[in-house]
Amino acid sequence: MHFILNEMLRRVRTRFAPSPTGPLHIGGVRTALYAYLFARKHGGDFLLRIEDTDQNRFVPGAEEYIIEALQWCGIHIDEGVSVGGPHTPYRQSERKEMYRQYAMQLVKSGHAYYAFDTAEELEQQRKTAEAAKQTFAYGSASRMSLKNSLTLSSDETEKLLNSNTPYVIRLKVPADETIVFNDLIRGEVQFNSSLVDDKVLLKSDGMPTYHLAHIVDDYQMEITHAIRGEEWLPSAPAHILIYQYLNWKDKMPHYAHLPLLLKPDGKGKLSKRDGDRLGFPVFPLEWKDPFSGEVSNGYRERGYYPEAFINMLAMLGWNPGTEQEIFTMQELIDAFSFDHVHKAGARFDPEKAVWFNAQWLQKQDDTQMAMRLSKVVKQHFNLPDEHRSLSLEYVKECVRLLKPRIQFEQEMTVKGSYLFVAPQEYDSTVIGKKWKPELMPFFNHLLSAWADLKSFTAEETEHVFKDIAGKNNIKPGEVLQLTRVFISGQAQGVDLFPMIAMLGNAEVNQRMKAALSSM
RNA sequence: GGCCCGUUCGUCUAGGGGUUAGGACAUCUCCCUUUCACGGAGGAAACACGAGUUCGAUUCUCGUACGGGCUACCA
């Protein structure tokens, strides 16, 4: 009863605890997102902790990248490296001393022991086992034949310790016990402890391993729900044991092991190489490797809206139980729950990602888009400030016309270039198929009739166009595409007559003449 | 190899002892449109296999197959 009450009163706290070994992969972003959604949903806190206990794998800039990526995604950090909080520091390397005492506590209580085997010796054990078609594991079955404080006399152990012989501290996992725990996504999961190895808790360099560090931190930081990738499931029993041996079982967080993101094709989990191979980003932000200088694409730079990116990621492995697909962050928070997280890994679908962006693009405000576009157009086409194509009203109309035809904002300058500058060349397929010199009189009539127009509107220009065509015994279809190409250069684009009206009499006349003279 | 997790259209998924197995992306057809899109309508498309339980299994159980993860002094 007390336990349940305690449980109910505990403020929900989740964390995202990446290791700064490079840019955040989209799978990692999804893990962070789910942890964030869950915390927000329950009015709790979301923390960012940096797990940098492996100094060999430290990559400069990775931590900054992680913070920037989360920020771009709209995942707000309540506590952590970038914002501080009551449990500072949030970087494990700076908490180094805290871990040691817990490792020692476990040694004293008999749940952990010193091991002096060198990396080479263990490697040799593995090779020997492999040769015999067996697997070497440092565990209950093998530990008594290895070099550790369980096999050595206390004097010998003492001597080794005093002579600064490198050692690690290992968890003493009991033989043949059933370890059961309840995963938020998978339900009850069982392991036999004989198959769990004696995990290293404290490395010979004095740093803790993930296994010890994340538990000490989660406990101290009062984490209630530990959300992580499925790759951690096999080591979960060891973690349960550590909580038990530290007498923290009542404060142990609920674990949720998320399914992994798989390659769009073929086998295996999604990797950076798939992005390169298939042409889609696997990182939220562009990343330049500080060692090799190699640049990896990011969703942000590719032109994705963070809302679309998050929306897409959220739907990969989770569903609301309804048919809604487009979600704002707040809607995701309201709808999120672990019992709608799918158990199986999800193949990443780059095409659906594009679709999500297109959906979000349609929702964008025209005026805002126009202001962004105006800047880009000015720069892209090197136009002077006072150029008529730069006026907000004009650009807004462009946005309105272009919007349903694009999936990314940056396509506007390319697909709609003719709205801002005259074409440099004409679609050769249309010209080749449709152009005949006999058409010249029609176009000459058309141009003079348009030039006489008092109100150069879509309706009027269209009316005149059909009228002149009729008088020349030409079906509109024969010349419509040509007219489009003469004015825009492209075979397809926004509605023809509204475009003509927008461009205006003078511009259209100029473009038509230029085109005609080059025929 | 061992251990763990998983398996519904090509993909993301809903569902769950009796359903015409639903939606979305992609794909195809048609409509709208004298272009391209958007939009609308429709089509094709799935319960891995084998046993068992049951009046009845896609749904429950067990096997098999397949997929994924782990098997480091990495996380």
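Residue numbers start from 1 in every chain, and the chains themselves are labelled A, B, ... in the order their sequence lines are given, proteins ahead of strands.
- Pair assignment for U29(B) gives A41(B), based on Watson-Crick or G-U wobble hydrogen-bonding distances that are each under 3.5 Å.
- Looking at heavy-atom distances under 4.0 Å, Arg186(A) makes contact with sugar-phosphate atoms alone, never a base.
- The nucleotide whose nearest atom lies closest to any side-chain atom of Phe191(A) is, among C3(B), U35(B), G22(B), C3(B).
- Sequence order on RNA chain B of the closest nucleotides to Asn56(A) and Val494(A) puts Val494(A) first from the 5' end.
- As judged by a 4.0 angstrom heavy-atom cut-off over every strand, Gly317(A) is placed among residues touching the sugar-phosphate backbone only.
- Residue-level contact check: Lys269(A) touches the backbone only, with heavy atoms under 4.0 Å from sugar-phosphate atoms and none from bases.
- Note on Gly321(A): nothing from the nucleic acid sits closer than 4.0 angstrom, heavy atoms only.
- Of the candidate nucleotides C5(B), A24(B), U34(B), A24(B) has the atom nearest to the side chain of Lys352(A).
- Listed nucleotides U13(B), C4(B), G68(B) differ in distance to Val189(A); the shortest reach to its side chain belongs to C4(B).
- Using C1' as the reference atom, U7(B) and C47(B) are 10 Å apart when rounded to the nearest Å.
- Under the Watson-Crick or G-U wobble criterion, with both distances below 3.5 Å, U11(B) is paired with A24(B).
- Across the interface with RNA chain B, nearest-nucleotide mapping of Leu262(A) and Lys133(A) shows Lys133(A) to be the residue nearer the 5′ end.
- Taking only side-chain atoms of Arg170(A), from C-beta outward, the nucleotide of U7(B), C73(B), C12(B) with the closest atom is C73(B).
- When the C1' atom is used for both G15(B) and C9(B), the distance is 14 Å, rounded to whole Å.
- Within 4.0 Å of Val200(A), counting heavy atoms only, lie sugar-phosphate atoms of the nucleic acid but no base atom.
- Geometrically, Arg302(A) engages Phe408(A) in a cation-pi contact defined by less than 6.0 Å to the ring centre and at most 45° from the axis.
- Comparing atom distances between the Ser19(A) side chain and each of A24(B), C4(B), A75(B) picks out A75(B) as nearest.
- Contacts of Leu260(A) with the nucleic acid, taken as non-hydrogen atoms under 4.0 Å apart, involve only primed sugar atoms and P, OP1 or OP2.
- Closest approach to the Thr209(A) side chain among A75(B), G6(B), C36(B) is made by A75(B) (side chain taken as heavy atoms from C-beta onward).
- Here Lys343(A) lies in heavy-atom contact (under 4.0 Å) with sugar-phosphate atoms only.
- Using N1 to N3 plus N6-O4 or O6-N4 for Watson-Crick, or N1-O2 and O6-N3 for G-U wobble, each under 3.5 Å, G18(B) pairs with C55(B).
- As rounded to the nearest Å, C66(B) and G42(B) have P atoms that lie 41 Å from one another.
- Among the protein residues, Lys415(A) comes within range of no part of the nucleic acid, since none of its heavy atoms lies under 4.0 Å from any strand.
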